[in-house]
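Structure, as structure tokens:
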Number of protein chains: 2
Amino acid sequence: MTTDTKPQTEQRTPLNRERVLEAAVAQADQGGLAEVSMRKLAQSLGVEAMSLYNHVDGKEDVLDGMLEIVMGEINEAVDAMASGGLSWKTIMRNRILGAREVLLRHKWAPRVIETRTQVSQSMMGYFEAILETFVAGGFSYDLAHHAMHALGSRALGFSQELFEPEDGEEETEMDAATIQQMAAIYPQMAAMLDNVAHEGPDTTIGWCDDQTEFEFGLDLILDGLDRRLASP
Amino acid sequence: MTTDTKPQTEQRTPLNRERVLEAAVAQADQGGLAEVSMRKLAQSLGVEAMSLYNHVDGKEDVLDGMLEIVMGEINEAVDAMASGGLSWKTIMRNRILGAREVLLRHKWAPRVIETRTQVSQSMMGYFEAILETFVAGGFSYDLAHHAMHALGSRALGFSQELFEPEDGEEETEMDAATIQQMAAIYPQMAAMLDNVAHEGPDTTIGWCDDQTEFEFGLDLILDGLDRRLASP
DNA sequence: ACCTGAACACCGTTCAAGT
DNA sequence: ACCTGAACACCGTTCAAGT
């Protein structure tokens, strides 16, 4: 090993925190959160699981770090949107829909956010910017506070969908027999499904346009806030 | 063993699905979801983990069953509230706040709901009743559909709180130094915290009245729906 | 300074064996 | 019919040992 040629095991970049976290994000983006175990993550980096502990404090630290990357992307995408001349409502809408676009690239992120026990720096930064927008729009701190609670996870671009199949899962197709059976027990549900389904191309439980529904709910809240701002 | 006296190992009730699920709910209510592993659950029933598989299909089936119990409680508490003469908005509000009360007794339930891949019978029943209320209130199926998406998890009585510490965790107390340090980086956040904190008794991150905030957000949405109903 | 192997204390689950 | 012990394939993590 006195030559300059590569040894048979190529490990020129000697692994560091950043590379570990980027690998974790890539892994989760591709195969879901289940693919991010210390062992599988190490394997994807060509190393043993125990080596990761030299660069990272443990599994929780990996998840924290993954979110830092995502929040970084969000803040980057969203800070450009606070251009002057627009109403607080437009700025807020753009910001939140911008955050949503980033989260759609990292579908695992909401589930990780929900399990954090500490608010991270970058998340605080995001909410500071949100709050700035409210205050600049004339909100009292009290109303701004209510507003942030009312938005909840919608501020970050996601909402709890209760009928959504898991990421990898396929949507449950419904044949005519199933629908008829359902109609007997849940007549209103069946009628609504029938009504909405006929507007779309196919008859599935996943018949909803997530983007449309997200914007409907968001606008409902923003309009509501606008009204309380006008007449407190 | 020909006598009628108890044998030394008392196992007169010979274990069944219902008892397993009830034990699981009790376990989770008391010690959190982490206490519901097949092994620990079995131990609390005085039995080996493998015995559970005689009454239950596996861990996922246990979680499904636990939710069935919770949804049963919700439906029971809530069905009494559809009394005639009240506006759809009042009925809906009472229903949802009723569901919320049940979920406050089972803090683990939202996290389980989020991980379900199939919509259960009792959950469908709940949403059927919600939908009935909308329809009886004059909603088109289209608007009712939007409304249910807009409510999201709020329909069941919970909303994604992003700054909430984990159930067992203690709230992060903030001393004057921390607040001052925070004020430098997040001035708006600090100002809002300061403003809201002075209304309450103590200076903590958990300074928010969850019930008040939940109702604020809920009313924002219900009022918004009312307006779209009046002028479509 | 970084990586590793063996080990520990947990998971959920299967399967053959007991009564 | 119900329960069990041993085993399998996974977790996250610690610790002493290697280079």
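Sequence lines set the chain letters: A, B, ... in the order given, protein chains first and strands last, and positions in each chain run from 1.
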Using a cut-off of under 3.5 Å, enumerate the N/O to N/O pairs linking the protein to nucleotides 13-17 of chain C.
| unit_1 | atom_1 | unit_2 | atom_2 | d |
| --- | --- | --- | --- | --- |
| C/dT13 | OP2 | B/Y53 | OH | 2.9 |
| C/dT13 | OP2 | B/K59 | N | 2.8 |
| C/dT13 | O5' | B/Y53 | OH | 3.4 |

Requested in this report: With pairs defined as Watson-Crick or G-U wobble and both distances under 3.5 angstrom, please note down DNA chain C as a dot-bracket string, | for pairing with another strand.
Outcome: ||.|||||...|||||.||

**Report entry** Partners passing side chain to side chain donor-acceptor pair (under 3.5 Å) against A/Q188 (at least two apart in sequence or in another chain)
**Finding:** B/Y141

Query raised in the report: How is A/S51 classified with respect to the nucleic acid when contacts are heavy atoms under 4.0 Å: base, sugar-phosphate, or nothing?
Result: base

Query raised in the report: Who pairs with B/T212 by side chain to side chain donor-acceptor pair (under 3.5 Å), at least two apart in sequence or on another chain?
Result: B/D209

Requested in this report: Using the test side-chain contact (heavy atoms from CB on, under 4.5 Å), find all partners of B/E22 that sit at least two apart in sequence or belong to another chain.
Outcome: B/E18, B/I69

**Report entry** Where at least one partner belongs to residues 67-76 of chain A, residue pairs that pass salt bridge (Lys or Arg N to Asp or Glu O under 4.0 Å), sequence neighbours excluded
**Finding:** A/E73-A/R105

**Report entry** From D/dC11, D/dC3, C/dC3, nucleotide with atom closest to A/L15 side chain
**Finding:** C/dC3

Query raised in the report: Do we see a donor-acceptor contact under 3.5 Å between the side chains of B/Y186 and B/Q181?
Result: no

Report task. Choose from C/dC2, D/dC3, D/dC11 the nucleotide whose nearest atom is closest to any side-chain atom of B/H55. Result -> D/dC3

Requested in this report: Please identify each residue that fulfils side-chain contact (heavy atoms from CB on, under 4.5 Å) with A/L97, with sequence neighbours left out.
Outcome: A/R93, A/R100, A/Q211, A/F214, A/E215, A/L218

Query raised in the report: Tell me: CG of A/L41 to C1' of D/dC10, nearest whole Å?
Result: 16 Å

Query raised in the report: Within less than 4.0 Å of OP1 or OP2 of D/dC11, is there a side-chain N or O belonging to A/K40?
Result: yes

Report task. Taking side-chain contact (heavy atoms from CB on, under 4.5 Å) as the test, write out the residues that go with B/A129, two or more places apart. Result -> B/R95

Query raised in the report: Which pairs, with at least one residue in residues 34-58 of chain A and sequence neighbours excluded, count as a salt bridge (Lys or Arg N to Asp or Glu O under 4.0 Å)?
Result: A/E35-A/K40

